[in-house]
Amino acid sequence: MFGPPGAGKGTQAVRLARMWAIPHISTGALLREAVRAETPLGLEVKAIMAGGGLVDDTLITRVVQERLGQSDTKPGFLLDGYPRTVAQAQSLDAFMTGAAGPPGSAPRDPLVVVELFVPEEEVLRRLAARMVCSECGANAQDDKDFSSCSNCGGQVVPRVDDAEEVVRKRMDVYRRQTEPLVEYYGQRPTFRKVNGDKLADEVTAAIVAAVDDAIR
Ligand code: AMP
């Protein structure tokens, strides 16, 4: 699933992964956790993320392929925030066909690609209001409790990269680096566009219908 920052990918991915009982793999969340834990990866990407830029393709692809190599992804998985560039999409295709995995990797079922689209004014409004848990990274608006995180009780704070000037940079990066994925995936029978500018429940239902239709 891809879409601009604030399109609701995280919110939808949490719901869908729970519904389909498959792992939700959010590259943003994986990276934020690495930053919080101050791992070598976290230290390497901290400044890039805070500035709204994209982490190096090779680095993020290694993180994702390592995660996809774990056995819980066998029945399926939901990627949230990856791929974000055409180079990443090409790496993912190679992985899915078995060409990029360990020797003898079996091909996986075709990707279903969902573009979640939302007008820019709405995205800016959402990001200005977004609050996340400083401990576990959950979105606070998902449960409408802004005092503490309902998932872990942690403190709820704005995301550092939701500051206005960083959001402008992230939107620009999205337009230049991620939007070309519409063309990259556009002709595939399993590509669907879903309007994310609706109530969360309606968007969930629309994604489920789109995915059902794509795999039918
Ligand atoms: P997100 O939570 O998806 O908005 O991601 C937060 C930040 O993590 C992005 O602004 C990037 O700095 C970094 N990031 C997440 N996913 C990727 C990716 N696929 N490629 C490069 N950087 C990424």
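Every number for a ligand or one of its atoms is a count from 1 in the order of the listing.
Contacts of R170 with ligand 1, taken as heavy-atom pairs under 4.0 Å, involve the side chain alone. Counting heavy atoms closer than 4.0 Å to ligand 1, residue L31 contributes side-chain atoms (C-beta onward) but none from N, CA, C or O. For L54, heavy-atom contacts with ligand 1 shorter than 4.0 Å involve the backbone as well as the side chain.
Counting only N and O atoms by type, the side chains of Q155 and S148 include no donor and acceptor under 3.5 Å apart. Judged by distance alone, the side chains of D93 and Y184 do bring a donor and an acceptor atom under 3.5 Å apart. In this model, no donor atom of one side chain and acceptor atom of the other lie less than 3.5 Å apart for T190 and Y185. If you check the side chains of T27 and R67, you find no donor sitting under 3.5 Å from an acceptor. Side-chain contact check for T178 and R84: no donor-acceptor pair (N or O, by modelled atom type) lies under 3.5 Å.
If you run side chain to side chain donor-acceptor pair (under 3.5 Å) between D172 and each of R168, R176, K169, R170, only R176 comes through.
For R18, the CZ atom counts as loosely surrounded, since its 6.0 Å shell holds 12 or fewer non-hydrogen atoms of other residues, nucleotides or ligands.
For atom 8 (O) of ligand 1, the closest non-hydrogen atom of the protein is M49 CE, 3.4 Å. In terms of protein heavy-atom proximity, atom 22 (N) of ligand 1 is closest to V55 N, 3.0 Å. For atom 20 (N) of ligand 1, the nearest protein heavy atom (residue, atom name, distance) is Q88 NE2, 2.9 Å. Nearest protein heavy-atom contact of atom 2 (O) of ligand 1 is R32 NH1, 2.9 Å. For atom 16 (N) of ligand 1, the closest non-hydrogen atom on the protein side is T27 OG1, 2.7 Å.
Under a 4.0 Å heavy-atom criterion, R159 is in contact with ligand 1.
Of the listed residues (K169, R84, K9, K46), the one carrying the non-hydrogen atom nearest atom 23 (C) of ligand 1 is R84. With atom 10 (O) of ligand 1 as the reference point, the heavy atom nearest to it among G81, G53, G28 is part of G53.
For the atom pair CG (L79) and CD (Q88), the distance works out to 10.5 Å, reported to the nearest 0.5 Å.
Taking a cut-off of under 4.0 Å to the non-hydrogen atoms of I60, the atoms of ligand 1 that pass are 18 (C), 19 (N), 20 (N).
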